[in-house]
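Some notes on the structure that comes next.
Note: hydrogens, waters and symmetry copies are ignored here, and every other heavy atom, side chains too, is used. Predicted model only: the values in this text are computed from it and were never measured. A, B, ... follow the sequence lines: proteins, then strands. Residue 1 opens every chain.
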Amino acid sequence: MKKYLTLLVLALTIFMVGCAKEEVKTSKAKDTVIIATTYDAKTLDPYATNDVASSNIMQQIYNNLVTVDDNGEVIGELAEKIETLDEKTYRFTLRKGVFFHNGEELKASDAIFSLKRAYNEGAAIKHLINTIDLSTIKQDDDYTFSFSLTQPFSPFLVNMAHVGGGVVLNEKAVTEAGADYGFSPVGTGPYKLTEWKKGDEMTLTRFDEFYGEKPYFANMIIRVIPEASIRTVELEAGTVDLAYEMPALEVNRIEKNEDLAVSEVTSHAITYLGFNTQVAPLNDIRVRQAIKYGIDIETDVLAVFKGQAITATGALSQAVNFADETLTVPEYNVEKGKALLAEAGYPDGFSMKVWTNSKKVRVDMATIIKEQLKMIGIDLKIEVLEWGAYLQGLENDEHEMFVIGWTCQSLDPDLGLYPAFHSTGGSNFARFKNAEFDKYLDDSRLTTDTAERAALFASAQQLIVEETPWVPLANTKMAFGYSKNLKGFVPSPMMYHKLYNLRWEE
Amino acid sequence: MLKYTFKRILGVIPVLMGVTFLVFTMLHLTPGDPARIILGEQASLESVQGLRDQMGLNDNFFLQFFRYCGNAVTGDLGRSYSTNRPVFSELLSAFPYTLQLATMSIAIALLLGIPFGIISSIRQYSLFDNIVTSLAMVGISIPVFWSGLLLILLFSVHLRILPPSGGSGFISMIMPAATLAAQSVAVITRMTRSSMLEIVRQDFVRTARSKGANERHVIVRHALPNALVPVITITGIQFGRLLGGAVLTEIVFSIPGVGRLLVSAIQMRDYPMVQGGVLFIAVAFCLVNLGVDLLYAYLDPRIKSQYK
Amino acid sequence: MSTKINFIPFIKRLSRSKTAFFGLIFLCFMLLVAIFAGVIAPYAFSEQDLLNTLATPSMEHPFGTDEFGRDVLSRIIYGSRISLLVGFISVAIALVFGGFLGAVAGFFGGRTDHYIMRVMDVFLAIPQLLFAISVAATLGPGLGNLMLAVGVAAIPQYARVVRAGVLSIRSLDYIEASTASGGGKFYIIFKHILPNCAAPLIVQSTLGVAFAILVAAGLSFIGLGLEPPNPEWGAMLSTGREYIRDFPHLTIFPGLAIMLTILSLNFLGDGLRDVLDPKLRR
């Protein structure tokens with residue numbers, strides 16, 4: 001009997017010693033930068049997903065044909081030259097001497113392969129490039145190719161700058177890896193993937209044949225730490241150099257710390273209260289406006305986001321090009337709200353369900369709004385749906401009011417406005433149908449004249465405010481905490497940051 | 001013994017099939033469209049429909065079920081909807097974290113539970129005994145998602161001696177293991193105590209005492225080995241419970257183990273991942289229980305003789 | 001064998017154990033709090049004060065306020081209703097279904113027994129918390145669904161306890177006599193057998209309520225509980241996590257409420273075991 005116990009204890013001891021070969025994660029040698037994120041990437045196949053955590057890694061591994069500079073202008077990245085042959089035909093000339101992580105040289109055939117693959121297999125990002133007419137793709141030589149769109153589409157090049165849209169993959173690597181490509185990615189970017197412990201951490205290593213400026217850090221470790229408070233503790237302890245998504249309380253704490261700094265950026269994401277404009281009584285514009293008057297948006301946003309957001313004024317984040325800066329936060333006026341409701345035939349209010357998913361700021365918003373709308377006589381019942389059920393319910397038209405987020409995935413407002421409000425838009429959960437609005441957006445796609453587009457987008461945004469298919473609530477600000485010695489961090493409003501620009505200065 | 005072992009292993013198979021069917025049915029009753037979740041809210045309706053077809057989600061329920069079982073037998077649990085990695089390799093990369101957590105917890109539980117139990121039983125109704133039995137109750141009653149947070153607050157935030165998140169490595173697993181162990185310590189202490197109390201009243205111990213053996217000798221040589229038989233059983237059961245029940249601890253300490261993987265899969269409607277994960281845990285659970293039963297049968301001559 | 005319970009001596013024997021007595025008293029206290037929540041609570045559980053958020057404990061708010069300026073004490077008081085309700089109802093669900101299945105399996109034996117217990121084995125192969133999580137995810141949030149998820153996951157345990165009890169008394173004389181005198185099978189089960197399994201069931205149920213409250217709080221903690229603004233302890237704890245460094249009162253008070261309630265139930269269950277089931281005496 002005793003023998004077995006001894007054996008058992010021995011086995012346990014061996015196991016624990018085995019576990020004890022601790023990796024000492026110190027930042028002292030400083031050829032390695034350690035970054036704490038909230039979620040792990042899902043896959044590194046740019047066409048298989050469109051989530052921020054994955055895009056953030058892809059940004060370091062891949063390059064696109066084009067990118068956007070600090071002023072929001074499209075410039076070439078892998079493309080040395082971009083020519084517009086006619087209003088819907090583009091010709092790209094690639095840089096020469098660009099190599100993939102597997103040693104292959106970048107050729108026009110790779111770019112064409114990538115576009116075709118994105119179109120045919122990239123269900124998650126196809127909406128970014130689905131205006132390409134595949135039959136017109138033409139390869140002129142090893143470095144030059146051209147194609148046309150099915151119709152003129154002015155936001156096209158900006159959309160191509162999105163990580164998933166215009167990224168260039170290596171044909172050979174994709175074909176060889178098959179279904180496993182998502183975790184053995186091959187790009188042309190400054191870093192390559194060396195190790196990926198799912199849900200724990202990922203190691204990227206500098207790619208020495210990178211065509212551009214070599215990054216400062218030889219290694220980059222991206223750790224997954226879902227709890228914000230834990231990210232802060234690690235940052236304070238120096239076991240992490242840069243921490244993403246710091247909530248307001250943590251920002252205050254970091255600001256007081258002499259060794260740490262904070263950067264903030266207004267994201268393209270917007271949190272809004274949506275109405276299904278096809279169901280009674282929400283099909284009455286007066287009811288929608290009454291609800292808008294009944295919500296003290298400014299106070300609510302402050303209470304929920306605690307300074308980590310700007311009160312929204314319209315359907316676009318102020319960080320997006322052509323966002324209308326003349327719009328203001330709607331007035332909070334319970335009396336006006338009551339009057340409008342009475343006028344619409346609901347002097348005693350009504351009761352209604354409001355949907356949200358478990359994302360905390362959305363639940364919090366719904367909770368506060370529920371209390372406020374009691375004042376104008378509306379009794380809300382909050383239903384917290386699991387994300388999949390939520391999206392399905394929206395598609396099946398089972399919704400009434402809903403709190404959700406929306407992100408304009410490009411600097412151009414087309415991707416922010418068209419899918420969400422155009423009568424044919426794929427994410428038009430408000431079921432907004434307005435011929436005037438449709439016309440503004442259709443026209444904006446046909447012209448490349450900046451002034452003309454600005455005027456069209458301004459009218460479109462003002463129309464949204466008037467018609468109130470949404471009550472826009474907040475534009476999220478993202479805060480990042482990092483060591484004072486870490487230089488060169490410029491957060492991107494798209495939430496995938498160019499981490500290869502980071503440097504260390506003691 | 002061999003026959004018994006074989007019979008028990010065969011008995012596991014229908015249970016696993018039942019588990020598969022149960023989970024499969026539940027997943028199909030769950031609202032939410034996996035294709036939509038994969039593609040995100042910005043993808044078009046036709047893309048979603050196309051993917052549904054491609055994933056076989058529009059097929060008949062039983063067709064899907066038998067297709068799954070057929071593949072599972074060959075070790076193919078499908079690919080995760082969200083990462084497109086094989087479910088099996090996802091589970092294998094998460095399992096070491098859970099295994100390490102569970103093993104360390106059990107080690108802590110044995111190291112504390114057995115001595116506490118023995119001392120408590122020797123000094124029954126003493127102050128020590130009363131404190132230990134009450135503390136054991138607290139250990140069973142304390143929610144891990146609360147005690148874990150309090151430990152983080154104390155050791156990581158205020159004292160700064162332990163890392164707050166448990167990734168790989170021994171040091172970072174100390175707090176999660178201690179949190180998770182609380183309940184097992186309590187269970188093992190109580191079991192050791194009651195088992196010892198029962199044994200010391202039995203004839204052979206009384207005989208040993210009457211022959212003039214000193215008390216320490218009686219306890220260590222005669223009582224303890226016999227008292228530990230049920231403790232081994234309960235340890236095995238606890239270990240099985242920890243493998244599957246570490247979900248909340250893994251969440252609180254951000255450990256990328258099987259439990260957290262499974263919960264996020266449930267939330268993401270990642271059907272193959274949920275299906276494979278539950279099956280994986282059920283297999284681990286059944287194997288541990290089987291091992292415990294066999295060990296018990298081996299240690300207890302009465303059972304052993306039944307299956308000669 | 002019969003363990004008919006005589007109330008007065010029963011309480012006397014129970015109160016000999018200090019811990020069991022404490023459990024009983026605290027539980028009665030919580031029950032009173034839950035029943036009279038509307039009278040006791042100083043504020044409504046959903047009453048917000050956006051100008052006084054995250055206040056630390058004070059005279060007006062003994063447990064402080066949360067991120068919407070809601071009174072934490074009031075939310076804990078109202079939360080007791082939810083926790084106790086989920087605890088008792090889910091055990092009732094498990095008791096009814098598990099008890100029935102166990103009784104049928106034990107009484108009829110043979111194939112019936114075999115099949116029922118194989119199905120129970122399937123349920124037992126999935127850890128209870130994980131099973132509850134799966135059921136809760138399938139059903140979606142809500143009080144009823146939460147009870148159902150926690151209850152269904154506990155069915156096999158009760159089936160086992162009842163089956164064991166039935167097996168031990170099935171062959172006793174008075175059951176055979178009742179069968180011989182033409183009593184219907186279900187009549188015998190309900191009239192004679194179940195009442196005589198009461199002792200282990202009472203113990204199991206008391207401990208079961210404790211575990212059910214723990215599981216329900218765990219489900220709420222990971223966001224599978226009730227819709228806001230319902231004050232569920234586990235959910236309160238989950239929200240408080242974000243503020244743990246600056247405002248630990250948001251985590252400590254709901255945590256204490258959960259722990260003390262569960263502790264009192266466990267103490268009581270343990271005491272009951274000592275009194276009702278001398279064989280299992282510790």
Side-chain angles (χ1 to χ4, degrees), chain A residues 1-2 4-5 8-9 12-13 15-16 19-23 40 42-43 45 48-51 123-127 130 179-180 182-183 197-201 223-227 229-230 233-234 237 239 358 385-395 404 406-407 409 415 419 426-427 429, chain B residues 30-45 47-48 50-51 79 82-86 90 93-94 97 100 103-104 106-107 110 152 156-157 160 163-165 167-173 225-226 228-229 232 251-257 260-261 264 267-269 295 299:
Chain A
M1 183 57 234
K2 205 178 159 194
Y4 302 112
L5 260 186
L8 186 70
V9 171
L12 282 177
T13 319
F15 184 84
M16 289 176 57
C19 298
K21 48 177 177 46
E22 180 74 354
E23 300 154 58
D40 198 4
K42 285 182 181 174
T43 165
D45 179 349
T49 186
N50 193 15
D51 68 296
I125 48 84
K126 188 177 171 182
H127 59 282
N130 61 4
D180 295 335
F183 34 93
K197 291 191 213 157
K198 279 290 301 177
D200 190 0
E201 61 178 42
R223 291 178 58 193
V224 182
I225 307 177
E227 288 293 319
S229 53
I230 296 187
V233 174
E234 299 255 11
T239 45
S358 59
L385 278 73
E386 180 279 326
W387 185 232
Y390 193 178
L391 289 178
Q392 199 175 33
L394 291 175
E395 253 161 39
I404 200 170
W406 175 248
T407 303
Q409 293 192 335
L415 272 178
S427 306
F429 300 134
Chain B
T30 309
D33 179 355
R36 172 51 86 182
I37 297 169
I38 294 174
L39 297 180
E41 71 268 41
Q42 309 225 353
S44 70
L45 255 178
S47 302
V48 175
L51 189 65
R79 278 174 185 267
S82 89
T83 66
N84 200 33
R85 292 225 293 189
E90 290 267 12
S93 62
Y97 296 98
Q100 190 189 348
T103 316
M104 280 177 68
I106 278 294
L110 286 174
I152 292 177
S156 303
V157 175
R160 309 215 162 214
S165 52
S168 39
F170 180 74
I171 304 282
S172 49
M173 277 290 185
N226 288 292
L228 283 183
V229 173
I232 288 176
I251 289 173
V252 170
F253 289 99
S254 312
I255 298 167
R260 208 182 84 185
L261 183 68
S264 65
Q267 284 163 349
M268 294 293 300
R269 294 294 178 267
L295 190 66
L299 293 174

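- For the pair B/Ser93/A/Lys197, no side-chain contact is recorded, criterion being any heavy-atom separation below 4.5 Å from C-beta on.
- Listed by chain and residue number, A/Ala179, B/Arg79 satisfy the side-chain contact (heavy atoms from CB on, under 4.5 Å) test with B/Asn84 (two or more places apart in sequence, or in another chain).
- Taking CD of A/Gln392 as the reference point, atom CG of B/Asp33 lies at 5.5 Å (rounded to 0.5 Å).
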field: side chain to side chain contact (heavy atoms under 4.5 Å, CB included) between A/Asp200 and B/Tyr97, intermediate numbers included
entry: CA-CA 10 Å; A/Asp200 190 0; B/Tyr97 296 98; 2.6 Å; yes

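- Neither the backbone nor the side chain of A/Pro419 comes within less than 4.5 Å of any heavy atom of chain B.
- Within the 4.5 angstrom heavy-atom criterion, only side-chain atoms of B/Arg160, from C-beta onward, approach chain A.
- Top candidate by heavy-atom pairs under 4.5 Å with chain B, chosen from A/Tyr390, A/Trp406, A/Phe183, is A/Phe183.
- Summarising the geometry of B/Val157 relative to A/Val233, their closest heavy-atom pair is CG2-CG2, 3.8 Å, with the distance given to 0.1 Å.
- Taking chain B as the reference chain and counting heavy-atom pairs below 4.5 Å, the highest number among A/Lys198, A/Glu227, A/His127, A/Glu395 is found for A/Lys198.
- For B/Leu261, no part sits under 4.5 Å from any heavy atom of chain A, backbone or side chain.
- Counting heavy-atom pairs closer than 4.5 Å to chain B, the top-ranked of the candidates A/Ala48, A/Gly426, A/Ala389 is A/Ala389.
- When each of A/Ser358, A/Ala237, A/Pro226, A/Gly182 is scored by its heavy-atom pairs under 4.5 Å with chain B, the top score falls to A/Pro226.
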